Amino acid sequence: MNTPRTLTLEILSGPLDGATVTLEAATEWSKTSASLLAFPWDAELGTPQARFVPDAEGWQLEGVQSPHGTRRANSGERITTETLQLEEGDLLKASDTWLLVQKI
């Protein structure tokens, strides 16, 4: 039996500060969407900002052309349109929204 890959993120800003979200499928990080990672209070967040996508090795963050970009803050990398293989402990920032990769 094949167990689906999951990604657990902790929200580190805004009204949901401290909450955790577990993803089991590709999910948009966005200002407005029906996803688990919608942050309507962040006025400068893109629609979408980025996408979390599972792959054979774990999870990737796929950048899109959002106005302010997305960063892996712990390394200073800016993600624009490329994909980034995520690692536990990654600190992700877009506009005023911060996410911590807790578990892959």
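All of these numbers come straight from a predicted model, not from anything done at the bench. Positions are given from 1, in the same order as the sequence printed here. Only heavy atoms go into these numbers, but all of them, side chains included; no hydrogens, no water, no symmetry mates.
Side chain of Ser30 to backbone of Thr32: a donor-acceptor contact under 3.5 angstrom is found. In this structure, the side chain of Thr8 does not engage the main chain of Thr6 through any donor-acceptor pair within 3.5 Å. For Asn74 (side chain) and Leu91 (main-chain N/O), a donor-acceptor pair under 3.5 Å exists by modelled atom type. Listed for the Arg5 side chain is no donor-acceptor partner under 3.5 Å among the backbone atoms of Trp59. Of the possible donor and acceptor atoms, none in the side chain of Asp17 sits under 3.5 Å from a partner among the backbone N and O of Gly14. The backbone N or O of Phe52 sits nowhere less than 3.5 Å from a side-chain atom of Gln60 that would complete a donor-acceptor pair. Panel note: side chain Asp90, backbone Val101; no donor-acceptor pair is recorded below 3.5 Å.
Cluster annotation: Leu36 is connected to Leu61 through the hydrophobic network of ILVMFWY side chains, with a link wherever side-chain heavy atoms come within less than 4.5 Å. Under the 4.5 Å side-chain contact rule for hydrophobic residues, Leu45 and Val21 share a cluster. Following chains of ILVMFWY side-chain contacts shorter than 4.5 Å, one can reach Leu23 starting from Leu16, so the two form part of one hydrophobic cluster.
For the pair Leu100 and Leu9, the minimum side-chain heavy-atom distance is 4.5 Å or more. Looking only at side-chain heavy atoms (C-beta outward), Arg71 and Glu77 stay at 4.5 Å or farther from each other.
The shortest heavy-atom contact between Thr97 and Ser13 is CA-OG, 3.3 Å. Nearest heavy atom pair, residue Glu44 against residue Ser95, reads CB-OG, 3.2 Å. A pairwise comparison of heavy atoms in Thr20 and Gln102 identifies CG2-OE1, 3.4 Å as the closest pair. Closest approach of Ile104 and Leu86 over heavy atoms only: CD1-O, 3.3 Å. Across all their heavy atoms, Ala50 and Gly63 have their closest contact at CB-CA, 4.5 Å. Nearest heavy-atom pair across Arg72 and Leu92 is CA-CD2, 4.1 Å.
Thr47 contributes atom OG1, which lies 8.5 Å from atom CD of Glu28 (distance to the nearest 0.5 angstrom).
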Q) Step by step, would you call Trp29 with Leu99 a side chain to side chain contact (heavy atoms under 4.5 Å, CB included)? A) CA-CA 10 Å; Trp29 180 3; Leu99 301 174; 3.6 Å; yes
Q: Run the numbers on Phe39 and Ile11 for side chain to side chain contact (heavy atoms under 4.5 Å, CB included), then give the verdict.
A: CA-CA 10 Å; Phe39 301 95; Ile11 301 166; 3.9 Å; yes
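Using a 3.5 Å distance cut-off with no hydrogens or angles, the side chains of Gln49 and Thr70 do pair a donor with an acceptor.
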